[in-house]
Number of protein chains: 2
Amino acid sequence: MGKRRPGTPTLEEVAAHAGVGRGTVSRVVNNEAGVKESTRRVVQQAIAELGYVPNLAARSLAGRRADAVALVMTEPDWRMFAEPFFSEIVTSLGDALTDTGMQLLLTLVRSDPERRRFLEYARGGRVDGVLLMSVHADDPLPDMLAEARLPTVLLGRRSADEHVSYVDADNVGGARSAVAHLLESGRRTIATITGPLDMYVAQCRLRGYREALAQAGLEALPSWVAEGDFTEESGRRAMERLIERHPEIDGVLAASDTTAAGALQALRAAGRRVPEDVAVIGFDDFPLAERTQPRLTTVRQPLEEIGRAMVRLLLEEVEESSVAWRHVILRTELVVRDSA
Amino acid sequence: MGKRRPGTPTLEEVAAHAGVGRGTVSRVVNNEAGVKESTRRVVQQAIAELGYVPNLAARSLAGRRADAVALVMTEPDWRMFAEPFFSEIVTSLGDALTDTGMQLLLTLVRSDPERRRFLEYARGGRVDGVLLMSVHADDPLPDMLAEARLPTVLLGRRSADEHVSYVDADNVGGARSAVAHLLESGRRTIATITGPLDMYVAQCRLRGYREALAQAGLEALPSWVAEGDFTEESGRRAMERLIERHPEIDGVLAASDTTAAGALQALRAAGRRVPEDVAVIGFDDFPLAERTQPRLTTVRQPLEEIGRAMVRLLLEEVEESSVAWRHVILRTELVVRDSA
DNA sequence: CTGAAAGCGCTAACAA
DNA sequence: TTGTTAGCGCTTTCAG
């Protein structure tokens, strides 16, 4: 059609109104240097009077960027939508993008049609880059985006040799220092409740756990390890199994603080005092743990930095339209809150 | 610049490759009728071979729609991000949009710069319409969007004479029937924990509560009313206050089931049996209440229908670029689950 | 410092 | 049924 929404003046009309050329108006709108101050003011006047708003489609088409990035939430993410971790990450991404002028667009990809539609959207040039949350090993989206040469940054990696840019926390180191802390306080029978072991993040945390024990000359018995899935329920059940197998357990590393909360319930139900009898450390996905479990020592992940780093990496890729993959691994921090 | 992302063929190149005109390719891409089957196949072949993807900016510019709608979450919403209500609504909107070919874009508007950016984005023509969640009375966004003549649909209204299209549940009726139910089962001291009273939805539910009591010849004491903000924490605290003021309370209407859950905790902590001593009814924002609080009677809101209705209204506005406001008010249903 | 002009890739009206 | 053409509104050289 080419039907303009009525009441939407074009750059050209602004130019006419201000008595200047289109180029000049464009420069003013985009805050470019090299416009005489008086001219600039006249143009701004005209813009205000006409209520001019740039047409973003035209701007994109003329070659500039879309000025938007998408955060894709795939089906597995979606189940965790209600977790604080989620909103923390989104908040931090929003903050990180605040002064870049880019719109953050959250999109759901829960089914195959939705994946197709999103790909069309992204490849159609409506976003400059894509952020992906907690990708599972078998998620085809990262590779599809890479193939389409769209700047992409993952939160976490799918395997040791991830070939798409990513930001991750130092899960091995975090787990190691947590277990080291437990050892220092005299614990000797330290179990762990892992995340789903088909996720790289869970594998890493398990590795850190084993390394710390090995370093102390202790061998991690297979029966000290119980697999969970990050949920509270799984933490509860795993802890019950562990207590049954090893009543002497005096320390636990949990895959997340949600899992840790489940473990605590099971421990208390079994009559254990925490942290006196058994010390529990969880990976702290969000700074709220302080309030919900004030005495729980946690491995804190720097969520804000994660968001910032993801945005930085993405913008670098966008800027340079580069093909180089890059990654950032952020340090975790052991926050000691119990004294036992 | 006009720098094309390398490896992104244009419609024109497809046309050349297929040996047809650009118009024909356009028709094929948009699945329009009036193309000979053989020609269509040749073009599709070419599209596949070249890996052609339409440039959405160009398509938008040439007059067609953006094929995307935004769901805006403002700051107050954001606190409720983790609430199941939220993900239920988003899910239902996503479902409702599934076969319309429109992308659903969730956007955060937490600050003034973000509001400005979003407005620029929306007015810039990158979305065809805007959906707004739980708008507060003083939210300027709906009017700004209306002024920009952007199709907009609110979930809930800001006041009795909302002048922007909206979809709402029958909150007055829902509250009334809930309280009537409590009265029928012999309760006489019925308190309520409201939502934020600057939200019309909370006012309506409070009104329904009062009307039901009045109809039974009871007067709602002001001290029977405690304001909350839909969160569990606020429900807990409000309930504590209520118990202190009126130990004889035997019924409670909570603003949401999350609030109800908080109230339950406070009641149990105070040694009350539920529902034997005190019956609690919450507005059921999501069908999961059944599982989490199996014995809780609730006022159920038809979330799926809400999503469908919002999408329908929005698409109607988009289609007709109409100026007429429209609204839908959906019935609620009292789901009785406790026998006490 | 500013104006004019050439596209960006697509749709839609109009011819053929 | 198909090809051709004229924009959509903006950015960006390139002259002036």
Side-chain angles (χ1 to χ4, degrees), chain A residues 1-44 46-47 50-67 120-121 123-126, chain B residues 1-44 46-47 50-67 120-121 123-126:
Chain A
M1 302 174 207
K3 280 270 183 41
R4 249 171 49 215
R5 270 209 330 283
T8 306
T10 70
L11 188 151
E12 177 142 26
E13 287 164 347
V14 173
H17 191 88
V20 301
R22 284 154 45 182
T24 306
V25 177
S26 177
R27 281 169 210 127
V28 171
V29 169
N30 294 301
N31 255 313
E32 277 169 36
V35 180
K36 197 162 52 174
E37 194 48 37
S38 60
T39 313
R40 183 182 297 274
R41 212 172 319 265
V42 171
V43 172
Q44 280 166 338
I47 288 174
L50 270 51
Y52 168 73
V53 178
N55 177 317
L56 266 33
R59 178 176 286 176
S60 286
L61 183 55
R64 268 202 30 181
R65 318 184 310 196
D67 286 323
E120 188 176 321
Y121 191 81
R123 298 192 55 181
R126 308 207 72 134
Chain B
M1 304 178 207
K3 280 270 184 40
R4 249 171 50 214
R5 270 210 331 283
T8 307
T10 70
L11 188 151
E12 176 142 30
E13 288 165 347
V14 174
H17 192 88
V20 301
R22 286 160 36 188
T24 306
V25 178
S26 178
R27 280 170 210 127
V28 172
V29 169
N30 294 301
N31 254 315
E32 278 167 36
V35 180
K36 196 163 52 174
E37 194 48 36
S38 60
T39 314
R40 185 183 295 276
R41 211 174 316 269
V42 171
V43 172
Q44 280 167 336
I47 288 175
L50 268 52
Y52 168 74
V53 179
N55 177 319
L56 265 33
R59 178 178 287 176
S60 287
L61 184 56
R64 266 200 32 179
R65 318 185 311 195
D67 286 322
E120 188 176 319
Y121 190 82
R123 298 191 55 182
R126 308 208 70 137

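Bear in mind the structure is a predicted one, so any value in this text is a computation, not a measurement. Here is how names work: the chains are called A, B, and so on, in the same order as the sequence lines, proteins then strands, and each is numbered from 1.
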Visitor: Atom CD of B:E12 and atom P of D:dT5: how far apart are they, to the nearest Å?
Guide: 12 Å
Visitor: Answer yes or no: does a side-chain N or O of A:N55 lie under 4.0 Å from OP1 or OP2 of D:dC8?
Guide: no
Visitor: Quick one: does A:N30's side chain get under 4.5 Å of A:R59's, heavy atoms only?
Guide: yes
Visitor: Detail all sub-3.5 Å separations between protein N/O atoms and N/O atoms belonging to nucleotides 1-4 of chain C.
Guide:
from: C:dT2; atom 1: OP1; to: A:T39; atom 2: OG1; distance (Å): 2.2
from: C:dT2; atom 1: OP2; to: A:K36; atom 2: N; distance (Å): 2.7
from: C:dG3; atom 1: OP2; to: A:G21; atom 2: N; distance (Å): 2.8
from: C:dG3; atom 1: OP2; to: A:T24; atom 2: OG1; distance (Å): 2.6
from: C:dG3; atom 1: O6; to: A:R27; atom 2: NH2; distance (Å): 2.6

Visitor: Between A:E32 (CD) and D:dT13 (P), how many Å, whole number?
Guide: 10 Å
Visitor: Considering non-hydrogen atoms only, spot the tightest contact between A:A66 and A:G125 and give its length.
Guide: CB-O, 3.5 Å
Visitor: Looking at side-chain heavy atoms only, is the closest gap between B:R40 and B:N31 below 4.5 Å?
Guide: yes
Visitor: Side-chain contact test, heavy atoms from C-beta onward, threshold under 4.5 Å: evaluate it for A:H17 versus A:V14 and give yes or no.
Guide: no
Visitor: Provide, to the nearest angstrom, the distance between the CD atom belonging to B:E13 and the P atom belonging to C:dC8.
Guide: 10 Å
Visitor: Picking from D:dT12, C:dT11, D:dC10, which would you name as closest to the side chain of B:N30?
Guide: C:dT11
Visitor: Starting at CG of A:L61 and ending at P of D:dG7, how long is that distance when rounded to a whole Å?
Guide: 17 Å
Visitor: Does a nitrogen or oxygen in the side chain of B:S26 sit under 4.0 Å from OP1 or OP2 of C:dC10?
Guide: no
Visitor: For A:L11 and D:dT12, give me the distance from atom CG to atom C1', rounded to whole Å.
Guide: 12 Å
Visitor: Just wondering, do B:L56 and B:D67 contact through their side chains at under 4.5 Å, heavy atoms?
Guide: no
Visitor: How long is the span from the CG atom in A:L11 to the CG atom in A:L50, to the nearest 0.5 Å?
Guide: 11.0 Å
Visitor: In whole angstrom, what separates A:D67's CG from D:dC10's P?
Guide: 14 Å
